Protein chains: 2
Amino acid sequence: MGRVKSATIKDVAQEAGVSTATVSRVLNHDVKVSAATRQVVESAVVRLGYRVNPIARSLRSSDTHTIGIISPEFRNDFFMAVAEGIEGVLRDEGYTTFILNSRESIDEERSRMELLVQKQVDGAIIIPAGNRGDHYQILSREGIPYVLVDRYIEGMEADAVITDNIRGAFLAVQRALDDGARRIAMISGDLNISSARERFIGYERALKIYQLSTADQAVYYGDLHIESGYRGMEVILKADPETTHVFVANMFMHLGAQQFMAEHPQYASSIRFIAFDQLPLGVPWIHEYITVRQPLELIGTTAAQCLLERIRGTNTGEPRIYRLKPDIIAAKSSID
Amino acid sequence: MGRVKSATIKDVAQEAGVSTATVSRVLNHDVKVSAATRQVVESAVVRLGYRVNPIARSLRSSDTHTIGIISPEFRNDFFMAVAEGIEGVLRDEGYTTFILNSRESIDEERSRMELLVQKQVDGAIIIPAGNRGDHYQILSREGIPYVLVDRYIEGMEADAVITDNIRGAFLAVQRALDDGARRIAMISGDLNISSARERFIGYERALKIYQLSTADQAVYYGDLHIESGYRGMEVILKADPETTHVFVANMFMHLGAQQFMAEHPQYASSIRFIAFDQLPLGVPWIHEYITVRQPLELIGTTAAQCLLERIRGTNTGEPRIYRLKPDIIAAKSSID
DNA sequence: TGCGAAGATGTAATCGATTACATTCATTGT
DNA sequence: ACAATGAATGTAATCGATTACATCTTCGCA
């Protein structure tokens, strides 16, 4: 039970009969150490079970080998998949990752950033909670590099890693049109948010190829949450009970839309959803038709690699937006 | 862009015309400072935008105000809900929380613990990846208090916070029996895992009240993953296509079981699931009947509070298992 | 008036590592 | 044979805070 005070570099130096400087050199693989002393020191290290104290090291060298992720929520498979991708890469590179929760609030996001500054992270990866970015200077002012994920913010001087939303929406809607659909309603998000806007643009472009316009289609503007998917479906079906295809802009609204369908079996057989994002693992959806699958882990690993390049200074170029290709999956409906 | 070197306590001391000791006293709300100097120092702090350097502080005081969570996966709503509860409490108490991923592997769990030791966390909350606990001495040897969540491990000298699994299973199954069911199959987990074992015991006890025995029921032993829920359903229905009630021991197996049903509509109308854990947000399940809802956030907040008491020494009693009451929800099936 | 106690502040050691600079010693070239 | 070069190691300053101890006021009370 008693806390054993762990060995310091001094203890090792004494045990090995050398100075702390030499021990430090061995530890940091400095070339200027003779093979013999290296041996002696290494065995002393093992004998004492010595481990460097990263706090002391950080104080001196002012880098922490730590990076922070800020996510708007924890209970969201999308974000956690990205986080897992990030963590995998950074761990392999010897960094510790920690995840903070901004609870979908810009104010909390700001306060989490201040925490990152305090904790002196070497870099940050942020899934923005909103579409305002003035407070990002909290990080840039301290010279902490960061990468945005999932959304980018206009006029932001930082790298961003996102899915190619325009392309994903375009391909999915085009596929439905190729299959013969001509009326495809849409449940969209707020167009001020980059991802929602781009998905709308992709939809628009696909329609244009078939000489169709969004003006001829039923478009409902939701807020990306489950309730607005439900409500959107209600509005669209009340206006036109004959609707056959609906393009839903994200997973939560898709869930809400499916929920509406499950509770209103009178429409059941006719509807087909074209949806952005896969539904949660293993969920056998009835009306799923075409799905745009974002490369979640890849988004994470790309963001991590990009950040590492900034931290190490191997990339000093202009900020860049990485647009990753989504997959289009024509799912067999569960009731086929 | 240029990193502005931030003010240190020395700068503040100079600006205020006092010694660093005095500044430190002001910062730490030491009583022995006159109101006048406090004023002067505080205004200097504001003027310079000074913030303490937690790294330097930690080096000196050897506490980091940081606690680590180790979770077997990130992409799991159960774990993340608990994590959210933990983080909320600890943040309010001025602690920073970080989450590490053990990827369901004991070896990784061990290596994450070593990281916690290195990072000198003040405490840890662990959702065990397995049911072996020898490596927990990595933490106890350093005097780092920790709390287990969701599972406990036999013979472990640590607090644990879990759902009262026996009671939850008992009440849910009893409810089905009260409704007239007499044959209730079970898809169980491995009985070496505490939560699975307890759920089985609850099931057994409820049956006993009605003079029934598990020996008369179809019990399939899965591994808590989605595939084994699917497979369990297959086995049970092949053996007895007339099965009406199935008690499923966790969410993933429940998903698998539902998936099997969706793909085999010949059984569709007759099955009712009694399940532990709610399905993912907003999923309108067809065969859901009775659900045991674990108090996820409460598990997290309880674990956090318990850990704080250990860190602060306000609780030095014997390790204790906190069993939290689950809710029983008789869900209307989506197709009623 | 003088002395002790309490209050306010300063001085300097300390936490555990890194690293610039100094020192020692051996090797090499002329 | 001796200066110059360089390799191996040591000494001590440093990172930014905390805190034991010392010092100096000030106040109260005999």
Side-chain angles (χ1 to χ4, degrees), chain A residues 3-42 44-45 48-66 94 117-122 142-143, chain B residues 3-42 44-45 48-66 94 117-122 142-143:
Chain A
R3 183 173 215 136
V4 179
K5 200 154 139 280
S6 49
T8 73
I9 199 173
K10 239 181 198 157
D11 302 324
V12 176
Q14 190 157 48
E15 174 83 8
V18 298
S19 73
T20 62
T22 301
V23 176
S24 178
R25 288 188 189 107
V26 170
L27 262 34
N28 295 289
H29 305 107
D30 195 312
V31 280
K32 296 182 211 266
V33 193
S34 73
T37 21
R38 163 158 294 137
Q39 265 295 327
V40 175
V41 170
E42 273 167 356
V45 164
L48 297 177
Y50 168 79
R51 304 187 144 277
V52 303
N53 178 333
I55 295 180
R57 184 199 292 246
S58 293
L59 177 59
R60 185 58 226 258
S61 65
S62 73
D63 67 17
T64 54
H65 270 247
T66 290
V117 169
Q118 258 197 244
K119 290 277 176 182
Q120 295 176 243
V121 295
D122 293 351
E142 303 281 334
Chain B
R3 181 171 217 139
V4 179
K5 201 156 139 283
S6 49
T8 73
I9 198 172
K10 238 179 198 159
D11 302 324
V12 176
Q14 188 158 48
E15 174 83 10
V18 299
S19 74
T20 62
T22 301
V23 177
S24 178
R25 288 189 188 105
V26 171
L27 262 34
N28 295 290
H29 305 108
D30 195 312
V31 280
K32 296 183 212 266
V33 192
S34 72
T37 21
R38 163 157 293 136
Q39 265 294 328
V40 175
V41 170
E42 272 166 356
V45 164
L48 298 178
Y50 169 78
R51 302 186 146 280
V52 303
N53 179 334
I55 294 181
R57 183 196 293 239
S58 294
L59 177 59
R60 185 60 226 256
S61 64
S62 72
D63 67 17
T64 54
H65 270 247
T66 292
V117 169
Q118 258 198 247
K119 291 276 175 183
Q120 295 176 242
V121 295
D122 292 351
E142 303 282 334

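Quick caveat, the model's predicted, so the values are computed rather than measured. Convention: sequence-line order gives letters A, B, ...; per-chain numbering from 1.
Using a 4.0 Å heavy-atom criterion, one finds that Ser61(B) contacts no nucleic acid atom at all. Within 4.0 Å of Arg51(A), counting heavy atoms only, lie sugar-phosphate atoms of the nucleic acid but no base atom. Among the protein residues, Val23(A) comes within range of no part of the nucleic acid, since none of its heavy atoms lies under 4.0 Å from any strand.
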**Message:** One pair to check against side-chain contact (heavy atoms from CB on, under 4.5 Å): Asp122(A) and Thr66(A). What are the steps and the verdict?
**Reply:** CA-CA 6 Å; Asp122(A) 293 351; Thr66(A) 290; 5.8 Å; no
**Message:** side-chain contact (heavy atoms from CB on, under 4.5 Å) for Asp63(B) and Ser58(B)? Distances and angles first, verdict last.
**Reply:** CA-CA 5 Å; Asp63(B) 67 17; Ser58(B) 294; 5.7 Å; no
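Gln118(B) and Asn53(A) share no side-chain donor-acceptor pair at under 3.5 Å.
Where Ala35(B) and Arg60(B) each meet DNA chain C at their nearest nucleotide, the meeting point lying more 5' is that of Ala35(B). The nearest heavy atom of DNA chain C to Ala7(A) and to Arg25(A) marks one nucleotide each, and the one closer to the 5' end goes with Ala7(A).
For Thr37(B) and dT9(C), the shortest distance from a side-chain N or O to OP1 or OP2 is below 4.0 Å.
When all heavy atoms are compared, the tightest approach of Val23(B) to Val12(B) is CG1-CG1, 3.8 Å. The shortest heavy-atom contact between Thr8(B) and Tyr50(B) is C-CE1, 3.4 Å.
On the nucleic acid side, DNA chain D has its first and last nucleotide under 4.0 Å of a heavy atom of chain A at dA8(D) to dG16(D), going 5' to 3'.
At distances below 3.5 Å, at least one donor-acceptor pair connects side-chain atoms of Thr64(A) with backbone N or O atoms of Gln120(A).
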